[in-house]
Structures are given as structure tokens and as C-alpha cells.
Amino acid sequence: MFVALRDLRFARGRFILIGSVVLLITLLVGFLGGLTQGLANANISALTPFHADRVVLAQPGMGKTLSFIDSQLSEESATAWSAAPGVTAVEPLGITISKVTAAHDREATVSLFGVEKTFTSISPEQTVPTQDGTLVLSKRAQAALHANPGDPVTVFGHEFTVAAVSGSAEFSHTGVIWMSLTDWRDIVAQQTVKAAPFATALAVQADSSGDFTALDARANTTSSPLLLSLMAIESFKSEIGSLGMMLGLLLGISALVIGAFFTVWTIQRSGDIAVLKALGASTASLVRDALGQALVVLVIGVGLGIGITAATGAMLPAAVPFVVSPVTTILPAVAMVGLGLIGAAFALRSVIKTDPLTALNGQNN
Amino acid sequence: MIRLDDITLTFPDGDGFVTAIDHANLAVERGTITAITGPSGSGKSSLLAVASALIAPDSGRVLIDDVDASTLSRTQTATLRRERIGIVFQQSNLLPSLTALEQLEVMGHLGSSNATKRSAQELRARATDLLVSVGLEGQAGKRPSALSGGQRQRVNIARALMNDPSILIVDEPTSALDQERGAAIIDLILEMTLARNTATILVTHDRSHLTRMDAVFTMVDGTLTPAAVEVAAMIAAQ
């Protein structure tokens, strides 16, 4: 690192330029990552705390994709899963998106989650209704409706009483209202003017001994691990797809920019590298120097970029779907540094190939 | 000491080969300086490249302190150059980002990170001493762009001596200097050869100093021939 650090000092203008590019790309990656996580939370935070080995949805009809909103499970499907070998617990879950009204005609679109009063597939901190006719509001639903425990809330003509406000569950960009499964079925039956499905999904606890493919075929269902099942939330799938692609492209661009800079820089220094080799520098020490130099630029650029992202994210209003967490800061920072080093590693070819003989001018005289 | 035994080196040239060094023999003891002179294109720099283990000969042996450099791997020759050979380039070839002092200190940072290194303070002290010994007291903090041609050559010489080499390879050190400064550089090389006890090979076009050398060789078309002292004097007088 002896020469690398002095090169940084000597050519500080060039390194400030590339460091600024790294910083700006990191800002973009950081903001996009925070936004992606924020939007993802607004889609899936109701489901991610579930203790379920598999989530079971109804098999989609011809030409349709797997969807929480379209899934309608029959009681027979649930019974088939309950009776299957390797399955230790099955809990039905009803999900529907609906408009609800509170006092002063405050309206909000929310996700109604119908669960049994003994529902255990959720974390213990999350309260669920213990009586029919009562609701538990998530913080977002409470904020939208300005309803507090004891207040009435009307859902599709039925009046319910708010029993509690608990958790910050969101589903498909709406706040969640928890209700009993019986109430949920009543509401859905009224909405669809036909018999309500038994449930939207099943939260299943099972060991790995079960043949879930055969079971799915028998029960006319599609089951998958919890994280994979989230792709059945359409808004989540489309958002995560496009934002993930942008993040991937930005990381790729970052690696290319760093690689291009250090390739040009190394070619410019090839005379110095030849001299150092002629003086006895080992290729390993020159490689360490080159990668160390790139690492310094990356760590400073990425560190500043992530720092600014985190500071800005912390100041954003709560309504902005932006998350500052290790996943949106440390992870992209490590990815940026790692990919940047891979980019810089492409420049090593010049370091390795430079012939020390070129340091002796006119060797054929 | 350095001994070149029956060295032959060829380069591809179109469909055939051109012989740059033709069965050359040379031995230089420590504390002595051997000059090689000859016309351009005669193979002098090729001989220096072989002697500095920068290129392996097609045949023959390059013995540096009894180590045959022609049989070593690329990594081993780099280590040999770092530890036993000092090279003074024709152009000073100083790194633009380093000060005069750092040009010397860098010599302690060229090897493996696991290798035993002199401490930074030791390196600095040695580099400072060397700069003083080549007449560059007070110039330690200057980068190459702030030094004169003669001063750059002095840094070049001091750098070559930084790792206590047993062999000093000097390639036309006065070619870019005026006569007065060139003479001062030759004086310095002679002084350093004795003071640092190096086996020095000096390639030069400048014939005015040949009589001060311990031995003189001429190279013509790849053939290295020893010149008797009288001949050397005659060459010098021309």
C-alpha cells in the first residue's frame, strides 16, 4: 500500500472524481434499497412474522396466477392438509381487501384478516380478536380511521367494535384489520353474494417428511415456503421485480465504472509498474497495492453514500415507505464494495502482464 | 560478484532470429567497476537486461553471488533483483507520486507482506543517509518534477543502493546530462562502488571516463571483447 496511498494523495483530483461517482451510485442504491424495503414492508409485513413452514393457497384457475386475493380454499382442502402425514398444525386465514368506515364518515381501504380466536401462527405481540363482532386495528388502519378501542367501525354494513390497536401489519399497501374468521366469512359472503370460502390461505406447520407435491394435487392447492408464497401478492411481485432489476443494474454499472476507471488508471501507470517490477517488486505486492487502492476509494465513497442515505432516511416523514436497516445499508454497502473490487480486479491483467524489461530503455542497443 | 558464462541471447526477427548477445563472458568482482562500451544496437542493453535478471538468456549461466539466475522462476528473479541487484536506469524512472525520500523508502515495500521488513523508522533513516551520501541533503521532500536532471539521477543511484545490493547495473547514466553533471555522476558511481562494495557494470557511450574503470569491454554486433588498459586509454583519447 506504500505507493497506492501516495498515488491517492498525488492524483487526488482523479480519485475524488471516481470517489464521487461511487458516492452518487451508492446514494442511488441506498435510496432505492430503502424504498424497495419500505414498499415491500407495506406489502408483506402482515405475513412475514408468521410461524409457518408452508403457506397453502388454492390452485389458480386456467390462465391465472397464484394470488392471495383470488385464492378460495374449501374446507375439504383444509381437512386434507390437516390429515396429511408430517403436518403438525393447520390454521386457516381469510384475507380480503375492503373499504371500512369509522366515525365522522372516515373511510379507509384496509385488508381484513380473518383468524381463529386461538390463532397461534403469528408472533405473541400481535393481538387478535377473541370475540366475534370485535376488531383489532393495525397502527396504519387506526391512523387512517382515527378509531380507538371502544369506537365503532362499519364493515360492509356490519358494525364492529374496536377491541385493540396492535402491531403495524400491512398487506398490499393497506393497513390490516384483524377480525374473527366467522365474521370474515360473513362479510365475504355478503360481498360476493354466495357462500364464503373456508379460508384464503392455510398456515401449515410440518416436518420435511410430507410429500407436499402429491398433497397439493390431492387437495387442489399450491403450497410453498412462507417467503416464496409472498410472490403471490401481485403488487409485491411487480414492485420487487422492477425495483430489484434497477438495483441489480445499478450494482452492475458500479462494478463497470470502477473497473473502467482502474483499467485506465493502471494503463496510465504501466511505466511505473514496469519500473517497480524491474526493481524487484513481486506481482503479489503490486496486486495488493492495486486492490488496496480500489478498496480505499470504495470504502470512502460507499461509506459516505450509505451514511448520507441513512441520515436522510431517518429524517423522512413516517408516511414515506422508506426503511433504514442493515438490509438497506450494510448489505448494499458490502455488495457495492465487493462488486467494485471485482471491477477493479479486471485492471489487474495490466499489472500482471507489464514487462519489467520495458523499464530499461532501448534494451536492443 | 557477477559472472556471465557463455551467454547467448536471440530475438525473433521476421522469419528468423537476430543474435543480440553472442557467447559473451564477463566476470566482475565486488568493489570494482567494469565499463561496457560500443555502438548503438551492439547489444549492450541486452547484456544489462540479462545481467539484471530481467530476461533469461537462450544459453549460458548468469551467476550472481553463485546463484544461477538463468534457472530461477519469475518470482525468484524478482526476489533476486530486490535483494541483490541495484539498477540505475538510463532515464531516472522515478515515480511521479513519490518524494525523493519515498523513492528510496519504496524499496522496503516491494516484497511479500510476510517477509521480514525493516521498520519504517529504519527505512527512513537509511534513505536519509543515502540521500545525504549522494549529495541530496535538503531535497528529501521534493517530487521528481521539482528536481534537476542531475538530482534525479542521484536519486536513481541512491534508490539502486537502498537494499545493499552486491551487484550494481548502470545503464548510460550520463546520456541526458551535460558534461559537468555527467562527470559528477560517474564520480558518484565510482565512489559508491567502493563505499558500498558492489560489483558494478556500467554501460556508457561516454569514453572520457574509461581510464578510471577497473576493466573495459567493447561490444560489437553482440560480441563482447575485453579491451586492454592501453586500448581503453586509446578509446578514451579518441
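Letters A, B, ... are given to chains in the order of the sequence lines, protein chains preceding strands, and every chain is numbered from 1.
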Legend entry - Residues, nucleotides or ligands: over 12 heavy atoms within 6.0 Å of B:Arg124 CZ: no

Inset, instruction - Measure the CG-CG distance between A:Asp272 and B:Leu95 for me, rounded to the nearest 0.5 Å. - result: 4.5 Å

Inset, instruction - Calculate, to the nearest 0.5 Å, the distance between atoms CZ and NE2 belonging to A:Arg288 and B:His109 respectively. - result: 11.5 Å

Inset, instruction - Quick one: closest heavy-atom pair of B:Glu105 and A:Phe2, and the distance? - result: CB-CZ, 3.6 Å

Inset, instruction - Flag yes if more than 12 heavy atoms outside B:Asp221 fall under 6.0 Å of its CG atom; otherwise flag no. - result: no

Legend entry - Gap separating the CG atom of A:Leu357 from the OG atom of B:Ser46, nearest 0.5 angstrom: 8.0 Å

Legend entry - More than 12 heavy atoms from other groups under 6.0 Å of CG on B:Asp178: yes

Legend entry - Greater than 12 external heavy atoms within 6.0 Å of A:Phe346's CZ: no

Inset, instruction - Could you pull out the closest heavy-atom pair between B:Gly111 and A:Ser285, with the gap in Å? - result: O-CB, 3.5 Å

Inset, instruction - Identify which part of A:Ala278 has an atom lying under 4.5 Å from any heavy atom of chain B, answering side chain, backbone, both or neither. - result: both

Legend entry - Atom CZ of B:Arg181 with >12 non-hydrogen neighbours under 6.0 angstrom: no

Inset, instruction - Kindly compute the distance separating CG (A:Leu279) from CE (B:Met162), expressed to the nearest 0.5 Å. - result: 12.0 Å

Inset, instruction - First locate atom CZ of B:Arg82, then atom CG of A:Leu276, and finally report the distance between them rounded to the nearest 0.5 Å. - result: 11.5 Å

Legend entry - Heavy-atom closest pair, residues A:Asp7 and B:Ser97: OD1-OG, 2.7 Å

Inset, instruction - Using non-hydrogen atoms and a 4.5 Å limit, figure out which bit of A:Arg9 sits close to chain B: side chain, backbone, both or neither. - result: side chain

Inset, instruction - Drop me the distance from B:Leu110's CG to A:Asp289's CG, to the nearest 0.5 angstrom. - result: 9.5 Å

Inset, instruction - Go through B:Arg74, B:Arg159, B:Met219 and name the one with the most non-hydrogen pairs under 4.5 angstrom from chain A. - result: B:Arg159

Inset, instruction - Go through the steps for B:Gln90 and A:Leu360 under the test side chain to side chain contact (heavy atoms under 4.5 Å, CB included), then give the verdict. - result: CA-CA 7 Å; B:Gln90 182 176 1; A:Leu360 270 185; over 6 Å; no

